[in-house]
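Have a look at the structure below, then the notes.
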There are 2 protein chains.
Amino acid sequence: MNAIPDQRNGRDFIQSIERGFAVLLAFDADLPTPTLAELAKRTGLSRPAVRRILLTLQKLGYVSSRGPRWSLTPRVLTIGQHYAATHGIVEVARPHLMRVAERTGESSSLAQLDGTDVVYVARVHVRRVLSLNVDVGTRLPVHATSMGRVLAAYAEATTVDRILDAGLPRFTEWTVTDPIEFRDRLHDVRRAGYAIVDSELEDGFLSAAVPVRDATGDVVAALAYSTARGRHSIEDLERTVVPVLLEVAADIGRDLAALPERSRRLRVDARDGFF
Amino acid sequence: MNAIPDQRNGRDFIQSIERGFAVLLAFDADLPTPTLAELAKRTGLSRPAVRRILLTLQKLGYVSSRGPRWSLTPRVLTIGQHYAATHGIVEVARPHLMRVAERTGESSSLAQLDGTDVVYVARVHVRRVLSLNVDVGTRLPVHATSMGRVLAAYAEATTVDRILDAGLPRFTEWTVTDPIEFRDRLHDVRRAGYAIVDSELEDGFLSAAVPVRDATGDVVAALAYSTARGRHSIEDLERTVVPVLLEVAADIGRDLAALPERSRRLRVDARDGFF
DNA sequence: TGCAAAGGGTACGCACAGCGTACACGGAGG
DNA sequence: CCTCCGTGTACGCTGTGCGTACCCTTTGCA
């Protein structure tokens, strides 16, 4: 039995890597094109340290400087590509998401759990949903979204505990913020096999989600459909949308099972022997 | 036989950051869920070094382990969000891209130059374009794409030189691989104000692109429309699509100029980072 | 049954990578 | 004139991060 890799030895943690990401992620809507000094203040690092890190990131192609101001390059977008490339479900799901969008005329998305957040891993957007600017990589709270409810409903108990520990902030007057009620909702999801959440994240934002299962039956993602309350009612969703989602989720699961099992066998490197 | 001579001898370069990214990016289609030893071999680092890096990345939330195999977490997708958050054009362009998609029924995209590649920074996909799996973050070669031609046409001379130095690989029998001819094409683009590229990257892949200019007139991105040759002819594009693109590109430029430093307050504040 | 191969962890001591302090410079604004 | 903002860099020291070496477990095959 593998022990949990814990033991904050400090010896198995590379400070420079943490600092590198700290600087990279310090570029923010609040600080789109910061100066070196601003980054130092923001990250709490010394100016020479930030400078070394910036020059490193620049050499690696992730940031560039124009005058005294620094900015991210499009290369940071490339990092995410490695996720899609290593998680077959993203590519498998895309055509199915388009099918949902075509059949329903609204946006559909695929999301997974990361820590205590929901992260969109694939999305087909038909039109902008209210003020929410949702795209691949967007993090949303678990408790106020249909995808989050689905993912939490089938997650391990410790995961749900962690989510509750993180707190259930209120976004609208309908947000479920009570842990007991939240667990009740998860129970509802498990019984019904889908989740519908209405205006708990933003007023008028209405969405439905169902689990996507892999070959072993494990829930590996949530498939969702989102719209505005003015365009559809909850009853609409239950009657017409949820069946489509369930069908498509099953299709995705089937395609997922049919994946070539990562067939590409690794070539043995002749690096040690003669050739 | 130590293969890689360390060319980064500058005192202002942090080796650990480079190594961190090396390990993170070693996860790809050929190695979706590698073992520690596989990563060590792939990156050329020692096993203890890779282990330290993996444990660090795990603590930061970018990788996770199941048994002896490691994989990326959805959190790597979050990194790209910082690009959109710091580059107003991405958010500004999205509704316009949707307009193009709605008016034309095909996919439209926004891309920028990164080194010698074109990187998609925003995209609205209506349907899958041939075998190309294009999404935000995808890198494509400059010389064989309409967006690349547009961006190169208005780029600095040194940038074009760098692109030519990198070589013009052939993808189809129609790919422009001759530097002289490539420069001619750039000249054509500057004269016409748009680029149309037919089947130079993949047979049957047809696209048109126009420049997007900011308030000062600088070309900051390329706006493109892509389709299959079976569905549209080049004449179709010139007659009906290019005018739409030019109009929309102007709209984007106008919105961009009207972007008052920072006015967008429409982000759900999803907390990330644990400490 | 045993051995090799492939997976993994950990101890340990040394080198130098990376650290921050301190100082210098240039420009803008008072 | 000074101050505040921005930058770069010299430099000595700390201790981070390095790799070697060794050990364990599991698996597969002879």
Side-chain angles (χ1 to χ4, degrees), chain A residues 1-24 26-27 31-60 63-71 262 265-273, chain B residues 1-24 26-27 31-60 63-71:
Chain A
M1 188 63 77
N2 286 352
I4 306 297
D6 195 347
Q7 276 323 336
R8 54 214 88 260
N9 259 344
R11 220 171 300 175
D12 285 330
F13 186 78
I14 299 180
Q15 191 189 41
S16 298
I17 291 179
E18 180 183 40
R19 291 181 164 197
F21 279 109
V23 169
L24 198 67
F27 292 78
L31 220 51
T33 54
T35 65
L36 196 160
E38 283 169 353
L39 286 168
K41 183 173 290 179
R42 161 73 68 101
T43 57
L45 302 173
S46 70
R47 281 202 300 278
V50 171
R51 183 170 180 271
R52 282 189 288 267
I53 293 167
L54 280 176
L55 291 174
T56 303
L57 293 175
Q58 185 182 43
K59 263 179 196 147
L60 298 177
V63 303
S64 66
S65 61
R66 235 169 30 208
R69 304 226 151 246
W70 295 78
S71 60
R262 291 296 154 210
R265 235 26 240 171
L266 308 169
R267 293 168 309 152
V268 179
D269 249 16
R271 128 180 320 226
D272 294 322
Chain B
M1 165 194 265
N2 12 4
I4 306 128
D6 201 336
Q7 50 195 346
R8 321 233 183 233
N9 271 340
R11 262 155 261 96
D12 288 329
F13 187 80
I14 299 180
Q15 188 189 44
S16 298
I17 291 179
E18 181 184 40
R19 291 181 163 198
F21 279 109
V23 170
L24 198 67
F27 291 80
L31 221 52
T33 54
T35 63
L36 195 159
E38 284 169 352
L39 286 170
K41 182 171 289 185
R42 162 71 69 100
T43 57
L45 302 173
S46 70
R47 282 203 303 280
V50 171
R51 182 169 181 272
R52 281 190 287 267
I53 292 168
L54 281 175
L55 291 175
T56 302
L57 293 175
Q58 184 183 46
K59 248 174 200 162
L60 297 177
V63 303
S64 65
S65 61
R66 244 178 12 222
R69 304 225 152 246
W70 295 78
S71 59

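Here is the naming used below: chain letters follow the sequence lines, and residue numbers restart at 1 for every chain. Nothing here was measured: the structure is a model prediction, and the numbers come from that model. Any value given below was found using the heavy atoms of this structure, including those in side chains, with hydrogens, waters and symmetry copies removed.
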Requested in this report: Could you tell me whether the side chain of A:T35 and the main chain of A:P68 form a donor-acceptor pair under 3.5 Å?
Outcome: no

Distances under 3.5 Å only, N/O to N/O: pair up the protein atoms with those of nucleotides 4-8 of chain D.
{"unit_1": "D:dT7", "atom_1": "OP1", "unit_2": "A:L36", "atom_2": "N", "d": "2.6"}
{"unit_1": "D:dT7", "atom_1": "OP2", "unit_2": "A:A37", "atom_2": "N", "d": "3.1"}
{"unit_1": "D:dG8", "atom_1": "OP2", "unit_2": "A:R51", "atom_2": "NE", "d": "3.0"}

> Can you tell me if the side-chain N/O atoms of B:S16 get under 4.0 Å from OP1 or OP2 in D:dT16?
Replying inline: no

Can a side chain N or O of B:R19 be found less than 4.0 Å away from OP1 or OP2 on D:dC18?
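Yes, within the criterion.
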
Using whole Å, report how far [atom1] of [X] lies from [atom2] of [N].
X	N	atom1	atom2	result
B:D12	C:dG20	CG	P	14 Å
B:L57	D:dG17	CG	C1'	15 Å
B:L54	C:dG9	CG	P	9 Å
B:Q15	D:dT16	CD	C1'	12 Å
A:I17	D:dT16	CD1	P	15 Å

Check your understanding: Tell me the salt bridge (charged side-chain N to carboxylate O under 4.0 Å, His left out) pairs involving residues 39-48 of chain A, sequence neighbours left out?
Key ->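 For residues 39-48 of chain A, and leaving out neighbouring residues, the salt bridge (charged side-chain N to carboxylate O under 4.0 Å, His left out) pairs sorted by first residue read A:D28-A:R42.
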
Considering residues at least two apart in sequence or located in another chain, which fulfil the side chain to side chain donor-acceptor pair (under 3.5 Å) criterion with A:E38?
->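 Applying side chain to side chain donor-acceptor pair (under 3.5 Å) to A:E38 gives A:R69.
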
Q) If you round to the nearest 0.5 Å, how far is CG of A:L54 from CG of A:L24? A)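 Between atom CG of A:L24 and atom CG of A:L54 there are 9.5 Å.
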
* To do: Would you give the length of the straight line joining atom OG of B:S46 to atom CZ of B:R51, rounded to the nearest 0.5 angstrom?
  =>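 One finds 11.5 Å between OG of B:S46 and CZ of B:R51.
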
Picking from D:dC18, C:dG20, D:dG19, the nucleotide nearest the side-chain atoms of A:I14 would be D:dC18

By salt bridge (Lys or Arg N to Asp or Glu O under 4.0 Å), B:R19 pairs with (sequence neighbours left out) none

